[in-house]
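For reference, the structure is listed below as structure tokens.
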Amino acid sequence: MSLVVFTSLLFITSVIAGFLGSLTGLGGGVVIVPVLALLFKVDIRYAIGASLVSVIATSSGAAVAYVREGLSNIRIGMFLEVATTLGALLGAYLTAKVSTHWIAMVFGVVLLYSAVSSFRQKSDNVSPEPKQANALAERLELKGSYPGPNGPEPYIAQRVPLGFGIMFGAGTLSGLLGIGSGAVKVLAMDQAMKLPFKVSTTTSNFMIGVTAAASAGIYLSRGYIDPTIAMPVMLGVLAGSLFGTHILVKTRVKTLKNVFALVIVALGVEMIYSGIAGKI
Amino acid sequence: MSKPTDQDVDISVAAMLRIGITLAATVVFAGGVLYLRHPWATTPNYSHFQGAGRSLSTVSGIGGGLIHFHPQSVIQFGLLLLIATPVARVVLCIIGFARQKDRLYVLVSSVVLLVLIYSLSKGAR
């Protein structure tokens, strides 16, 4: 295959991945790695290197839009980034220790989880009764207020150590697989720490870039970031996701989301199979 | 000067992020154009991992290729700018928290910055 054909195919695939990823809130990285590994037969280490770079781009790109809404909480984000960046260091370290078969299998499981989590009820944790006081969250200033229908609704984080622990795991997955692991980050904030859903998703997006940067240095030094693969992937995912965030406000995406979730399930099964069969 | 609110910090961070990714994407794109000068060359085989060479996996190596406008070094430099963007965001947050006299969060953000610097120093040799 000639250079221009290969690069164009990668670019177009990445635009689609970025577009669907932002439309469904699953992120582009989670599909680009299996597609590169399974369809383009690119070694999974190059694939996760290119994906990680595109994750930084989309997180920073989308943050611009989210910050305007004023929903993300920089203190909660920064506090939890201590956990995610340390986790990311561990994950990036593990990529050299763990065989690619295992990476493929773990990736497959994460894909299946992501597909399932995209169907979870997105009920908000803003409850009418005041939240229980939480001494640790109070001390760490892990609170804020959320624009509700009846004026600002105050919120405060619950179960801080549990949330911090899950965030460490999210960081490890991000460093191991080159993905944003937004689904796990949202799980930590929304389910464990009982933060409002909108605050969880926007703060999660904000954290993804910093988490990815923590493994990027290690990836770079190991040669996982190949410029000729990362270039079309990063530009494509960025373009696709910016387009996706633009469309998001205007369209109903239920059918598209279902289709995309099925694609992710198929990729997840294929990744697990390829890992077990030793093909990746 | 009055203390900046969280919203002020957020806005300066957003502006910085916008500049960072625009710059990074432009440099990566320019490198891509250079790279496709010989569009019909055969694509290297990526199914066997060899790893990007030293000239593309260290900051000094990338800098060395950049002054000769090696296409891959230009792309890699753009990616370095991209990686630097979230680092700059953390630095801006430290400044914002310092101006708010929030010592606890100056400390928390500094820990995050140290972890980032540690990781990047791996690639800086």
Side-chain angles (χ1 to χ4, degrees), chain A residues 1-7 40-46 49 53 56-57 59-61 63-64 67-68 70 72-75 78-79 81-82 85-86 88-89 92 100 139-141 144 209-210 212-232 234-235 238, chain B residues 6-7 9-11 13-14 17-18 20-21 24-25 28-29 31-32 35-36 38-44 46-53 56-58 71-73 75-76 79-80 82-83 85-87 89-90 93 96 102 104-105 108-109 111-112 115-116 118-125:
Chain A
M1 205 186 294
S2 70
L3 225 48
V4 69
V5 174
F6 181 76
T7 307
F40 287 85
K41 305 288 178 207
V42 166
D43 185 282
I44 195 165
R45 283 160 285 195
Y46 290 133
V53 164
I56 300 178
S59 160
S60 301
V64 179
V67 161
R68 274 207 213 93
S72 60
N73 187 315
I74 50 173
R75 282 191 178 74
M78 193 58 79
F79 172 71
E81 273 164 13
V82 174
T85 51
L86 287 173
L89 282 186
T100 52
R139 206 177 143 71
L140 292 167
E141 303 166 56
V210 174
S215 24
I218 294 178
Y219 277 28
L220 185 74
S221 67
R222 293 232 188 91
Y224 290 8
I225 301 177
D226 188 284
T228 50
I229 300 172
M231 180 262 295
M234 175 257 183
L235 292 175
L238 181 63
Chain B
D6 284 2
Q7 190 70 23
V9 177
D10 275 353
I11 289 167
V13 163
L17 288 175
R18 181 180 292 248
I21 53 162
V28 170
F29 183 78
Y35 175 66
L36 291 174
H38 307 293
W40 308 112
T42 312
T43 307
Y46 293 115
S47 58
H48 291 287
F49 181 77
Q50 292 174 318
L56 294 172
S57 59
T58 61
Q72 291 171 316
S73 310
I75 296 172
Q76 215 69 335
L79 298 180
L80 281 183
L82 185 72
I83 295 169
T85 306
V87 183
R89 163 161 113 60
V90 175
C93 284
D102 187 337
L104 176 65
Y105 272 85
V108 170
S109 328
V111 172
V112 174
V115 177
L116 292 177
Y118 170 77
S119 166
L120 292 170
S121 69
K122 291 272 175 186
R125 285 160 303 169

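The structure displayed is predicted, hence computed values, not measured ones. Order of the sequence lines sets the chain letters (A, B, ...), proteins ahead of strands, with each chain counted from 1.
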With only heavy atoms counted, which part of A/Leu235 is less than 4.5 Å from chain B, the side chain, the backbone, both or neither? side chain
Among all residues two or more places apart in sequence or in another chain, which pass the side-chain contact (heavy atoms from CB on, under 4.5 Å) test with A/Pro232? A/Thr7, A/Leu10, A/Phe11
Side chain, backbone, both or neither: which part of A/Leu89 has a non-hydrogen atom closer than 4.5 Å to chain B? side chain
Go through the atoms of B/Ser109 and report whether side chain, backbone, both or neither lie under 4.5 Å from a heavy atom of chain A. both
Take the angle between the ring planes of A/Tyr46 and B/Tyr46 and call it parallel below 30°, perpendicular above 60°, tilted in between. perpendicular
Return the CG to CD1 distance between B/Leu56 and B/Ile75, rounded to the nearest 0.5 Å. 9.0 Å
Would you mind checking which part of A/Ser215 comes under 4.5 Å of any heavy atom in chain B, side chain (CB onward), backbone (N, CA, C, O), both or neither? backbone
Is it the backbone or the side chain of B/Leu79 that comes under 4.5 Å from a heavy atom of chain A, or both, or neither? side chain
A/Met234 portion near chain B, given a 4.5 angstrom heavy-atom threshold: side chain
On a heavy-atom basis, the closest approach of B/His38 and A/Leu3 is O-CD2, 3.8 Å
Nearest-0.5 Å distance, OG of residue B/Ser73 to OH of residue B/Tyr35: 12.5 Å
Run the salt bridge (Lys or Arg N to Asp or Glu O under 4.0 Å) test against A/Arg222 and tell me which residues pass, sequence neighbours left out. none
Would you mind telling me which of A/Tyr224, A/Phe40, A/Tyr219 has the largest number of heavy-atom pairs within less than 4.5 Å of chain B? A/Tyr224
Look at A/Gly49, A/Ala92, A/Ser60 and state which one has the largest set of heavy-atom pairs under 4.5 Å with chain B. A/Ser60
Quick check for you: among A/Ala57, A/Ala230, A/Ala88, A/Gly144, which has the greatest number of heavy-atom pairs under 4.5 Å with chain B? A/Ala57
If you take all heavy atoms of B/Ser57 and B/Ala52, which pair is closest and at what distance? OG-O, 3.8 Å
I'd like to know which of A/Leu86, A/Ile229, A/Asp226 tops the heavy-atom pair count under 4.5 Å against chain B. A/Ile229
Hey, could you give me the OG1/CG distance between A/Thr85 and B/Leu116, rounded to the nearest 0.5 Å? 6.0 Å
What part of B/Val108 gets within 4.5 angstrom of chain A, counting heavy atoms only: side chain, backbone, both, or neither? both
Which pair of heavy atoms, one from A/Gly209 and one from B/Pro86, lies closest together, and at what distance? O-CG, 3.5 Å
Examine whether an atom of B/Leu82 lies under 4.5 Å from a heavy atom of chain A, and if so say whether it belongs to the side chain, the backbone or both; otherwise answer neither. both
For B/Tyr105 and A/Arg75, work out which heavy atoms get closest and say how close. CE2-O, 3.3 Å
Among the options A/Val82, A/Val53, A/Val210, pick out the one with the most heavy-atom pairs lying under 4.5 Å from chain B. A/Val210
Is B/Leu104 close to chain A through its backbone or its side chain, or both, or neither, when contacts mean heavy atoms under 4.5 Å? side chain
For the interface with chain B, which of A/Thr228, A/Val42, A/Ile74 has the highest count of heavy-atom pairs at distances below 4.5 Å? A/Thr228
Taking every heavy atom of B/Gln76 against every heavy atom of A/Ile225, the minimum-distance pair comes out as NE2-O, 2.8 Å
Engaged part of A/Leu140 at the chain B interface, taking heavy atoms whose separation is under 4.5 Å: both
Among B/Ser47, B/Gly53, B/Ala24, who wins on heavy-atom pairs under 4.5 Å with chain A? B/Ser47
